[in-house]
Amino acid sequence: MPDRELELLRGTLDVLILKTLSWGPAHGYAIANWIEEVTGNILAIEEGSLYPALHRLERRGCLESSWGLSENNRRAKYYALTEEGRRALRAESSAWARFSEAVGMVLGSARAPEWARSR
Amino acid sequence: MGQEQMSPVPMWRRIQRFLGADPAADIEDEVRHHLEMRARDLESRGMSADEARAEAVRRFGDVEAVRREVAAIDDAAGRSERRKVWAGDLAQDLRYAFRSLWRSPGFTFAAVGILALAIGANTAVFSAVNSVLLKPLPLADPDRLVMLWEENPERGWYQETAAPANMFDWRERVEEFIDVAAYLSFPDPVTLVGNGDPLALTARTVTGNFFSVLGVAPAAGRFPRDEETWSTSEAVMVLAYDTWVRSFGEDPSIVGSIARLNGVPYRIVGVAPDGFRLPGVEADLWRSIQWDPADMVATSFRRAHYVRPIARLRSGVTIEEAAARLDAVAVSLEAEYPETNRLMGAGLTPLHEFLVGDVSATLKFLLGAVALLLLLASANVGNLLLVRALARQRELAVRAALGAGRRRLVRQILVESLILSGLGGAFGVLVGWVSLRLFGTFGTGRLVDKVHLALDFRFLVYLFAILLVGGLVFSLAPLALSGRVSVADALREGGQRASAGQGARRISGALVAGEVAIAVLLLAGAILLSRSFSALQRVEPGFQSSGVFTGGLAPPASTYGSGGEIVAFFDEVIEGVEALPGVERAAVVRQLPLTSASWTSDFSIAGRAPDEYGVEVVHREISPGYFEVMRVPLLRGRTFTPYDRSSDDQVSTERVIVVNEVLARQYFPDEDPIGARIAFTRTPTDDAVWWTVVGVVGTELQASPAEGARIEIFAPVAQAPTRGMKLVVRTNGSPASFGRPITSLLRSIDPEIVLADPATMEEVRQAATARERLMTLMVTAFATLALTLALVGVYGVIAQALRARRREMAIRVALGATRVDLLTMSIRQSLPMLAAGIVVGIAGALLAARFAASLVYGVEPRDPATLGLAASLLLAMGLAATILSSTRVGTAHPSAVLREE
């Protein structure tokens, strides 16, 4: 994947993870599943890429992890949001909202620009 | 890819996980969990187990890549986490160390104090060594500079000053030299008269190319040119930077102006750069030598030896090559000028080595002594730390039990040692700085010109090295102890019985034995130097120095041109001084005794065989009252009277001289020297000048006592007028108070003449042995400190041992042991330690003896009396410390001790 798209994707993935975990602690599989469910499978992320993101977020201090037993009685790593993580979520969410609003303004524009009007 | 991820967790992994965290396994588990969940999900939707598994993997992506990426992230995270923990631990250790040092102020104060003293002494001595021996000369390419000298076995000359004519021949004929410059070997006191008050300064006379050969750039103006060596050019001079600042206020307009030195005008052409100096060659200004070109071919130009030539070697030329060529040239000069150059050899030495050679042995000796002191101090502090660690054994054990790993404990001890080193070092540098300023007050005995605290990188390296070595030495002891900390042992009641305690005491004993050895060594050195110094002091100087005032006097040539005018000036001065209240007698003399010998010549005695000439007789011109002023006894005949003078217009009266006793004994063993006639040349021709001996006087020491007295003749200044003389005045009170009245008297005679270097003869006498005095004082101080530390060490070890055996001793006392028995026990404990230390110390002293050989006078370095004294002193004081310790510690009441359980 070209680098720019990877960057965008990384940033987006981070905020999705943070939002997901804002509902409560979960392990990696549950996070992946929920994102797919909520978006009606529009966002089908490569599931593997979730884990580097999770570990990075943990390193940054946004998440903390603990080991537990999952539904299938297996050892699983659960992630939870920290205070830092909540702050990051708020910041990223508003940034994202502003971004998508801006994009929407451009896409939904009614007036043509100067250089196209004379046609 | 497929099957492996799905297999159940192997047993060994489970066990491994039980024993501790395993990051690789964690990643494995996380990934495996996800894949299993996905597969299960897909299966529940209808896929077959195999299809589900394959689909799960497909959806996941590149499993291996994910594993690697996550591992990398975790790794990085782990590292930064560990760093934080480490820093946190270190901060905690530091806080803890500071707190515990703060809580035992006695120990901290003692340890830091001991280290500060030792490091301070090291700082001071090293600064001296650095500034004299280590730092290169502040010249361009100083390794290419060599000092040229002449030698003559017949006269006992070695590394002597050269004759100018020889120097010029070397310059021309030795191609390995780029250029040769020279300075006159004796400093000239001059009076400089410029725009302000006359100044008494020290001048060095140099050839024109002096500064260009040395390779420096002027701070102002320019340096002399080669042609300004000769009288055909204007006389020029260069000021020293300090002189320019001190006496001329850094005034740039001074450059180019003319000032008179002893009445002769010189143009100030420039100022030397700040920091320019040749060790041992003091100068307030440098002036051109102004040789007459016509003199170049005169015999005297080749006969009189008074210059110090410095040559710069061509690049690529080795010293050996240059020396070989110089030697060859000297040989051919010998053949060309047999009269003057017979047996006159030549040689060269690297400049720095030549200039500092005579002090390097002294400085190295001091450095060795002070390093030993530091070693001792470190051992002492190590002992203190050991005792402390022993006392804290219980605490250390508890901390070990609570999870502090052994490495952590070791690190804590190290941190404490480092803090002590750091504090000791910081205070040590302060102590060193203070000592150096004190040295300035007491005089460094010409050991170094001026010692500044050497705060350059060399010093920092040295400081780091000694802190490291010292720190290692005094950490080793408690570290060795910490290895034996056993929780169970220490927590047991009566924990001092633990084997660690015994091991610690053995280490303590060894450390103190080492301290005793060093103390013996330093003590032997101090005793040796003291005996040498007092032997020097006891040498009879041949005159009476107390009550005599001295000063330098030089009537300028412009006002006092002829010999008669010079003599009349001195007569006037002497008459005026003798009229002052409190003055008994006054006189002038060319050179004071106990400084350095005046000029020398060959001589022949009338009526002896031609090959019976003498060499190296010292000449001193004096006024008639000299021997009375200095109270030198007259042994035979008479001294000079006012009638012994030469008049310019009449037939001169007979030329008379007085000889000293050494000459009389050596050259007139069986006959009366009175009436003998002496000429000052090896082979008197018909027009030679003959002098008649009229008296024999007692021998004065011309230079330092270590050099011995030389054969000498005195001539009346009226018959041999000399411009630069010293005034000596016998007073009936304190001579120091005569400086001002004599100066004002001089000003009334001639306002342009200044009394140079006023001092009492006692001060001059002290200065002659100043270096030896300084050395003796320093080594005695080191030895005293060493002795104190060693004795404290002995006291401490015995006290420890006694405390450890308290119960045993209490039982013995209860069973009837007397104090003497306990004493015997203690002595039996300390004696081996003392004996071992003393033996090693004596052995060391014998080994080190050859380094001291050149530094002592009148005593043999291996002298058994010295060593015996040092050994017995230490033994006696060591036993005293033992007895004191045992008396004080062992007096607890037995029942009290037994109840202590």
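Just so you know, these numbers use all the heavy atoms, side chains as well, and skip hydrogens, waters and symmetry mates. We name chains A, B, ... by the order of the sequence lines, and we start the count at 1 in each one.
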Q: Indicate the ring-plane relationship of W34(A) and W23(A), choosing parallel, tilted or perpendicular according to the 30° and 60° boundaries.
A: tilted
Q: Scan L50(A), I35(A), L21(A), I31(A) and name whichever one has a side chain to side chain contact (heavy atoms under 4.5 Å, CB included) with L16(A).
A: I35(A)
Q: Quick one: what part of A72(B) sits under 4.5 Å from any heavy atom of chain A, side chain, backbone, both or neither?
A: neither
Q: Does any backbone or side-chain atom of R58(B) lie under 4.5 Å from a heavy atom of chain A? Answer side chain, backbone, both or neither.
A: neither
Q: Counting heavy-atom pairs under 4.5 Å with chain A, which one of D74(B), V66(B), I73(B), I27(B) comes out on top?
A: I73(B)
Q: For the backbone of C62(A) and the side chain of T82(A), can you confirm whether one donor and one acceptor N or O come within less than 3.5 Å of each other?
A: yes
Q: So that I know where these two stand, are H34(B) and F60(B) an aromatic pair - ring centroids less than 6.0 Å apart?
A: yes
